Amino acid sequence: MARNQGLQPPRGTRDFYPDELRLRSWLFGHFREVARRFAFEEVDAPIVEHADLFIRKAGEEIVEQLYHFELHGRHLALRPELTPSISRMVIARAGALRFPLRWYAIGQNWRYERMTRGRKREHYQWNVEVLGEPSVSAEAELIAAIFTLFDRVGLPTTAVRMRVNSRALLEETLRKGVLRDRPEAFEPLCVVIDKIDKIGAEAVTDLLTGEIGLSANEARTVVEGLAVRSLDEAAARVPDGSAAAAELRRLFELLDAYGVADRVAFDASVVRGLAYYTGVVFEAFDAGGTLRAVCGGGRYDGLIEQLGGPALPAAGFGFGDVVIQELLSDHGLLPELAREVEAVVFAVSEAERPAAVRTVRRLREAGRAAELVLGTPRLKRAMQDADRAGAREIWVIGPDEAARGVARVRDLESGEQRDEKLPDGRS
RNA sequence: GUGGGCGUAGCUCAGUUGGUUAGAGCGCCUGGUUGUGGUCCAGGAGGUCGGGGGUUCGACUCCCCUCGCUCACCCCA
């Protein structure tokens, strides 16, 4: 309705009606349960931050698409991701924290961009971070947590595959060349390389020689290297004794111990679009290849120091709520979730309401989800409502029952009825 | 930003070469007596057919503009 456009949420944002919020809560419940089993602690931060926290100069889209505004002379922004906020929290208390930390958060992120399937302008993200651990044991733990989540929501083991690479490996190949005198060129270089699937090898080669300043030879070597899909082959392209290659080998060993190595493959084209990644990077994709990345992450050993904190190694991933729901929908795995009302208490007339209130209080104190019918509709109506709410029982208190000091309890599944004593009136 | 598709009841949609009071399913409301749900039956409410303009005796139907939604490209979480 054009007339009612003001009633629609802004483009790319969502309302969550009860059905949709139940589904979201179901998903978040799995996020939290996996995090619990992996012994991560939940944290949270404001959705609005100082814009500076997110603004970097490597040409990332995530910065260009920032929702930001000036208010009373302050430049603020809606967070586009959670990692900077968590990093900020760590820095503020770095002196009092014991590392490594295992933290996670589930929060809404904002990015002003065009929409397609699986992408909106706001989305919730499960963000899991290991802070203060330099070894790939951190990445292995993170990747294992992701697969645990996939398994829990019912996806077959073949439905999602993880692609892994290491930016450190790429950096090693350039250390004696273009990066010798200006290591700071590495971040924008990665941002450029990340575009290869979209703008093509030639355009990336042009950008590498033009904007980044590689020689034609270096650029060609880099672009060729992106096609490599074997760790051995990739390792052969870097100097002997490559630390990055050894790390990747160790990572695959550990993933084998976690039982997920066969779902993970080396892929040199994975570099991720965020500037701050420094080491292992990874992305999970649906096997059908019809959706965008389900989740992704990697190691960012320099970010915390760049933000003004100590030199603290860190790794983490972000896992959005939108793509996974699309994927589950494609697999017919979205659950039908009903309301969780257990009992409905109904006073036939206002005279019985105090007794109904005492009754519903007792049920609630016993931990049951109990709804008190607020008006005095006909019994037929109250039962219909109870039925539709999925309640197991309706407790009816009318003049007869009140006189006998009982409630008539009907089991809505079996239709059987019994009497339950009313609580006495003194409580 | 580019290209395609679509905008008809709360929801999902149908609407015959433009022709009389615009339909269905689901949902909602009422009733099938007097305090009993799910099933069934019978009724009912609800739409200026996204908005504006044009063509026509006549437009939901054709044309133009506009707004919105959506998919792909693009790009990224």
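Values below: all heavy atoms of this structure, side chains included; hydrogens, waters and symmetry mates excluded. Every value quoted in this text rests on a predicted model; they were computed, and no experiment measured them.
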- Residues that A/D400 engages under salt bridge (Lys or Arg N to Asp or Glu O under 4.0 Å), provided they are two or more places apart: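 Applying salt bridge (Lys or Arg N to Asp or Glu O under 4.0 Å) to A/D400 gives none.
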Which is true for [X] with a 4.0 Å heavy-atom rule: it touches a base, it touches only sugar-phosphate, or it touches nothing?
| X | answer |
| --- | --- |
| A/G273 | sugar-phosphate |
| A/L274 | sugar-phosphate |
| A/R381 | sugar-phosphate |
| A/R272 | sugar-phosphate |

Protein-nucleotide distance ([X], atom [atom1]; [N], atom [atom2]), rounded to Å:
| X | N | atom1 | atom2 | value |
| --- | --- | --- | --- | --- |
| A/D19 | B/C11 | CG | P | 15 Å |
| A/F319 | B/C76 | CZ | P | 21 Å |
| A/E113 | B/C73 | CD | P | 14 Å |
| A/D15 | B/G10 | CG | P | 17 Å |
| A/E326 | B/C71 | CD | C1' | 12 Å |

Only distances under 3.5 Å count here; give the side-chain donor-acceptor pairs of residues 341-352 of chain A to other protein atoms, sequence neighbours excluded, each with its distance to 0.1 Å.
{"residue": "A/E342", "atom": "OE2", "partner": "A/A369", "partner atom": "N", "Å": "3.0"}
{"residue": "A/S349", "atom": "OG", "partner": "A/A351", "partner atom": "N", "Å": "3.4"}
{"residue": "A/S349", "atom": "OG", "partner": "A/E352", "partner atom": "OE1", "Å": "2.7"}
{"residue": "A/S349", "atom": "OG", "partner": "A/E352", "partner atom": "OE2", "Å": "3.3"}
{"residue": "A/E350", "atom": "OE1", "partner": "A/R353", "partner atom": "NE", "Å": "2.8"}
{"residue": "A/E350", "atom": "OE2", "partner": "A/R353", "partner atom": "NE", "Å": "3.3"}
{"residue": "A/E350", "atom": "OE2", "partner": "A/R353", "partner atom": "NH2", "Å": "3.0"}
{"residue": "A/E352", "atom": "OE1", "partner": "A/S349", "partner atom": "N", "Å": "2.9"}

Determine the Euclidean distance between corresponding [atom1] atoms of [M] and [N]; express it in Å to zero decimal places.
| N | M | atom1 | result |
| --- | --- | --- | --- |
| B/U56 | B/G19 | C1' | 12 Å |
| B/A22 | B/G51 | P | 16 Å |
| B/C71 | B/C28 | C1' | 33 Å |
| B/G46 | B/C40 | C1' | 24 Å |
| B/C11 | B/G47 | P | 13 Å |
| B/C13 | B/A72 | C1' | 24 Å |
| B/A42 | B/C6 | C1' | 37 Å |
| B/C60 | B/G50 | P | 10 Å |

- Task: Fill in the dot-bracket string of RNA chain B, one character per base: . for unpaired, | for a pair to another strand, ( ) or [ ] for pairs within the strand, taking Watson-Crick or G-U pairs under 3.5 Å.
- Result: (((((((..((((.....[...)))).(((((.......))))).....(((((..]....))))))))))))....
Using side chain to side chain contact (heavy atoms under 4.5 Å, CB included) as the criterion, list what pairs up with [X], not counting sequence neighbours.
| X | value |
| --- | --- |
| A/A245 | A/L169, A/A235, A/S242, A/R249 |
| A/P10 | A/T13 |
| A/R74 | A/H50, A/L76 |

- Looking at RNA chain B, which of residues 277-284 of chain A put a heavy atom within less than 4.0 Å of it?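 Hits under 4.0 Å, by residue number: none.
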- Item | Pairing residues for A/W110 by the ring pair (Phe, Tyr, Trp, His ring centres under 6.0 Å) criterion, not counting sequence neighbours |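 For A/W110 the ring pair (Phe, Tyr, Trp, His ring centres under 6.0 Å) partners, ignoring immediate neighbours, are A/Y67.
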- Nucleotide by nucleotide, 5' to 3', does protein get under 4.0 Å of the base (B), only the sugar-phosphate (S), or neither (-) in nucleotides 33-46 of chain B, counting heavy atoms? --BBBB--------
In residues 374-384 of chain A, what donor-acceptor pairs under 3.5 Å come from side-chain atoms, sequence neighbours left out?
{"residue": "A/R381", "atom": "NE", "partner": "A/D385", "partner atom": "OD1", "Å": "3.4"}
{"residue": "A/R381", "atom": "NE", "partner": "A/D385", "partner atom": "OD2", "Å": "3.4"}

- Distance-only polar pair, side chains of A/E247 and A/S166, donor-acceptor under 3.5 Å: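 Per modelled atom types, A/E247 and A/S166 side chains form no pair under 3.5 Å.
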- Task: Quick one: sort the A/F38 and A/F40 rings into parallel, tilted or perpendicular, breaks at 30° and 60°.
- Result: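 Tilted, since the angle between the ring planes falls between 30° and 60°.
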- Task: Using the side-chain hydrogen bond (donor to acceptor under 3.5 Å, both in side chains) rule, take A/Q306 and A/Y300 through it: C-alpha gap first, then chi angles, then the decisive distance, then the call.
- Result: CA-CA 11 Å; A/Q306 281 168 33; A/Y300 52 98; over 6 Å; no
- Item | Pair listing, ring-ring contact (aromatic ring centres under 6.0 Å, His included) test, anchored in residues 155-174 of chain A, at least two apart |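 Pairs touching residues 155-174 of chain A that pass the test: none.
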- For residues 134-143 of chain A, pull every pair meeting salt bridge (Lys or Arg N to Asp or Glu O under 4.0 Å), keeping only residues two or more places apart or in separate chains.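 Applying salt bridge (Lys or Arg N to Asp or Glu O under 4.0 Å) to every pair that reaches into residues 134-143 of chain A, excluding sequence neighbours, yields A/R102-A/E141, A/E139-A/R299.
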